[in-house]
Amino acid sequence: MNFENEENVVVFKHPLIQHKISLLRDKATGTNEFRKLVEEIAMLEGYEALSDLPVELVEIDTPIETCMTPMIAGRKLAIVPILRAGLGMVPGVLSLVPSAKVGHIGMYRDEETHEPVPYYCKLPHPIEERTIVVTDPMLATGGSAIDAIDQIKKSGGKTIKFMCIIAAPEGLERLHKAHPDVQIYVGALDRELNKDAYICPGLGDAGDRIFGTK
């Protein structure tokens with residue numbers, strides 16, 4: 001599937017994003033640097049993903065005069081990381097919109113079926129009035145992302161974006177088919193999934209590398 005011309009799918013080509021992802025891939029990159037890189041990439045992706053946020057003109061007093069100037073409108077933004085690796089991307093998006101509310105969706109992967117098992121969901125209220133950015137560094141099979149977005153839609157969420165750093169073609173295609181209305185932002189599209197459903201060449205387990213666990 002050619003994602004370059006697919007509606008609602010953005011695969012970034014920006015050299016800064018690609019450079020930082022290359023550093024993430026390096027197994028010699030330590031926890032502290034890895035965590036900072038994830039935040040930086042999320043901020044760069046978020047800058048593009050949030051370019052269509054609604055704005056309204058408000059009146060302010062500058063040191064010179066009163067003027068009408070644009071500010072983000074409405075209930076603004078909700079960031080919903082998929083636990084636990086998605087947490088690593090939250091500070092990068094919050095640096096762009098510090099007033100954003102943060103929800104959480106918890107899942108773990110069944111090691112035999114490779115399918116997600118949900119265990120927690122808490123979303124900002126009213127979720128239906130917000131632009132929602134779901135974050136997860138890795139889009140592998142697509143199961144976790146699909147299930148998370150299913151839960152958000154069941155709770156009333158309407159305007160949903162999904163941001164990841166690395167995606168496998170299999171997962172990206174599956175997510176796009178399941179939720180064609182969701183805007184998907186991908187830092188790098190990798191070659192394939194291996195037999196254990198890990199992205200190749202990938203960067204290993206993003207959660208373990210962000211939090212320094214094994």
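The other residues sharing a hydrophobic cluster with Ile60 are Val58, Met71, where clustering joins ILVMFWY side chains under 4.5 Å apart.
Ile160 contributes atom CD1, which lies 5.5 Å from atom CD1 of Ile152 (distance to the nearest 0.5 angstrom). Going from atom CD of Gln151 over to atom CE of Met107 covers 5.0 Å, rounded to the nearest 0.5 Å.
Scanning all heavy atoms of the two residues, the minimum distance from Arg84 to Thr213 falls at NH1-OG1, 3.0 Å. Taking all atoms of both residues into account, the shortest heavy-atom contact from Val182 to Phe162 is CG1-N, 3.9 Å.
Judged by distance alone, the side chain of Gln18 and the main-chain N or O of Phe12 form a donor-acceptor pair under 3.5 Å. Distance alone, capped at 3.5 Å, is enough to place a donor-acceptor pair between the Arg25 side chain and the Gly202 backbone. In terms of modelled atom types and a separation under 3.5 Å, the side chain of Arg130 and the main chain of His125 share a donor-acceptor contact. Proximity of a side-chain donor or acceptor of Lys161 to a complementary backbone N or O of Ala49 within less than 3.5 Å is detected. In this structure, the side chain of Thr29 engages the main chain of Leu23 through a donor-acceptor pair within 3.5 Å. Remark: side-chain polar atoms of Glu170 are paired, donor with acceptor, to backbone N or O of Leu193 under 3.5 angstrom.
The salt bridge (charged side-chain N to carboxylate O under 4.0 Å, His left out) check on Arg35 picks up nothing, with sequence neighbours excluded.
Just one of Asp52, Ile72, Val97, Leu77 meets the side chain to side chain contact (heavy atoms under 4.5 Å, CB included) condition when paired with Thr131; it is Leu77.
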